[in-house]
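Here's the structure, in structure tokens; my notes come after.
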There are 2 protein chains.
Amino acid sequence: MEKYEKYIEILKKNGMKVTPQRIDIMKYLDEHRIHPSAEKIYSDLKEDNPSLSKTTVYNTLEALSEHHIIQILTISGSELRYDFKTTPHHHFMCKKCGAIIDIDVDCPYLGKFMGMGHRIDEMHGYFKGVCKDCLEKEGRGENPLKTEMNIVSEV
Amino acid sequence: MEKYEKYIEILKKNGMKVTPQRIDIMKYLDEHRIHPSAEKIYSDLKEDNPSLSKTTVYNTLEALSEHHIIQILTISGSELRYDFKTTPHHHFMCKKCGAIIDIDVDCPYLGKFMGMGHRIDEMHGYFKGVCKDCLEKEGRGENPLKTEMNIVSEV
DNA sequence: ATTTTATTTTGTAAATATTACAATTTGAAA
DNA sequence: TTTCAAATTGTAATATTTACAAAATAAAAT
């Protein structure tokens with residue numbers, strides 16, 4: 001029960017009720033930094049808590065993201081992914097195996113956009129391609145990115 | 001009818017069969033740079049071509065993106081958006097009205113990440129927040145939470 | 001111009017992800 | 001301990017996208 005203090009504290013600090021389900025989901029996201037989908041969170045947690053409802057998973061993820069405790073990633077396009085880390089960083093997704101890798105960089109353009117009059121709440125930097133492991137199995141192939149980008153990428 | 005030459009040329013160059021539906025969809029995307037959803041493309045084109053099938057829209061968008069003639073945006077999270085422009089650029093999405101605005105910047109991190117051995121095919125820079133127009137309405141207390149996606153401005 | 005053939009289009013049905021809703025349960029304040 | 005707003009649960013509904021097979025068609029071959 002000591003291990004849960006961290007999540008209880010976060011919930012209380014955000015004025016959210018403390019429930020076992022919320023603690024479980026936060027703990028899962030904290031300890032499984034693979035940017036899981038709601039389905040994966042649900043099916044994994046369901047093993048130890050068979051009464052868990054999928055709606056609870058969705059409700060909880062929604063509540064946590066509204067309080068900026070977690071971050072929603074739209075990188076996949078077919079399902080949302082969830083990230084316990086909310087400080088700005090980029091992601092790379094392998095289109096072969098679906099893995100999502102963290103990339104720690106700071107985006108220099110954030111401030112630039114503020115001057116345009118819009119309010120910026122989120123920043124997402126996504127790269128997609130084929131990861132090193134998948135490349136070794138199938139060969140490197142060709143990079144379909146257009147010209148300007150390839151120049152930048154030769155660095 | 002001269003206007004279609006551009007799209008016929010692109011299709012032929014990519015070894016794709018030329019069909020009226022494909023021309024219509026490419027023309028629509030080219031002339032409506034609001035990053036529309038499949039549903040919007042379908043319902044708008046359906047007016048002049050009532051026999052158009054939604055499956056054709058999805059099939060065509062899939063084929064066009066496989067040939068890198070168009071780009072798929074995952075920015076929304078609830079639906080895919082399509083962009084006729086395939087050269088790298090960023091996007092800003094207003095969470096109030098759903099508008100997606102182009103932002104022309106080069107990402108300086110692509111090269112850095114390619115050094116790690118992965119193959120990078122796509123780059124997506126997404127910013128999210130509330131656009132200038134919605135902020136002004138919000139200030140006057142006139143912004144209902146549920147708004148229809150309105151037309152997007154371009155930068 | 002006609003025939004042929006592989007591809008595309010179309011409509012329906014299915015799959016997948018997410019949300020709505022109402023009844024029950026529960027956390028935490030009184 | 002009581003109270004009550006909020007959370008959980010299961011089911012149903014919605015939304016987006018994909019699967020599939022029959023009909024139509026673009027483009028190549030004749």
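Bear in mind that the values here come from a model prediction, so they are computed numbers and not experimental data. Throughout, protein chains are lettered first and strands after them, A, B, ... in sequence-line order, and every chain is numbered starting at 1.
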Please check the phosphate of C/dT8 (OP1 and OP2 only) for any side-chain N or O of B/Thr19 closer than 4.0 Å.
no
Side chains of B/His68 and B/Asn14: is there a donor and an acceptor less than 3.5 Å apart?
no
Between B/Tyr82 and B/Val18, which is nearer to the 5' end of DNA chain D once each is assigned its nearest nucleotide?
B/Tyr82
Distance in angstrom units between A/Asn14 CG and D/dA6 C1', rounded:
16 Å
Please determine whether the number of non-hydrogen atoms from other residues, nucleotides or ligands lying under 6.0 Å from atom NZ of A/Lys132 exceeds 12.
no
Given atom NZ of A/Lys17 and atom C1' of D/dT8, what is their separation to the nearest angstrom?
11 Å
What is the distance, to the nearest angstrom, from the OH atom on A/Tyr4 to the P atom on C/dG27?
14 Å
Rounded to whole Å, please give me the gap between CG in B/Leu61 and P in C/dT8.
14 Å
Closest non-hydrogen atoms of B/Gly129 and B/Phe92, given as atom of the first, atom of the second and distance, are N-CE1, 3.6 Å
Between residues 29-50 of chain A and DNA chain C, which residues have a heavy-atom gap below 4.0 Å?
none
Which atom of A/Leu29 lies closest to which atom of A/Pro36, heavy atoms considered:
CD2-CG, 3.7 Å
Parallel, tilted or perpendicular, as decided by the 30° and 60° cut-offs, for the rings of B/Phe84 and B/Tyr7:
perpendicular
Between D/dA26 atom P and B/Met16 atom CE, what is the distance in whole Å?
15 Å
Please state whether the rings of B/His32 and B/Tyr28 are parallel, tilted or perpendicular, taking 30° and 60° as the class boundaries.
parallel
Would you say a side-chain N or O of B/Thr55 is under 4.0 Å from OP1 or OP2 of D/dT17?
no
From CE of A/Met26 across to C1' of D/dA7 the rounded distance in Å is 16 Å
More than 12 non-hydrogen atoms from neighbouring residues, nucleotides or ligands closer than 6.0 Å to NZ on B/Lys12, yes or no?
no
Closer than 4.0 Å, any side-chain N/O of B/Gln21 to the OP1 or OP2 of D/dT25?
no
Would you mind reading off the distance between B/Lys54 atom NZ and C/dA14 atom C1', rounded to a whole angstrom?
15 Å
For A/Ser51 and B/Asn59, find the nucleotide of DNA chain D closest to each by heavy atoms; which residue's nucleotide sits nearer the 5' end?
A/Ser51
Do any side-chain nitrogens or oxygens of B/Tyr58 fall under 4.0 Å of OP1 or OP2 in D/dT17?
yes
Return the value, rounded to whole Å, for the distance between atom CD of B/Glu79 and atom C1' of D/dT14.
14 Å
By nearest atom, which of the nucleotides C/dA28, D/dG10, D/dT17 is closest to the B/Leu80 side chain?
D/dT17
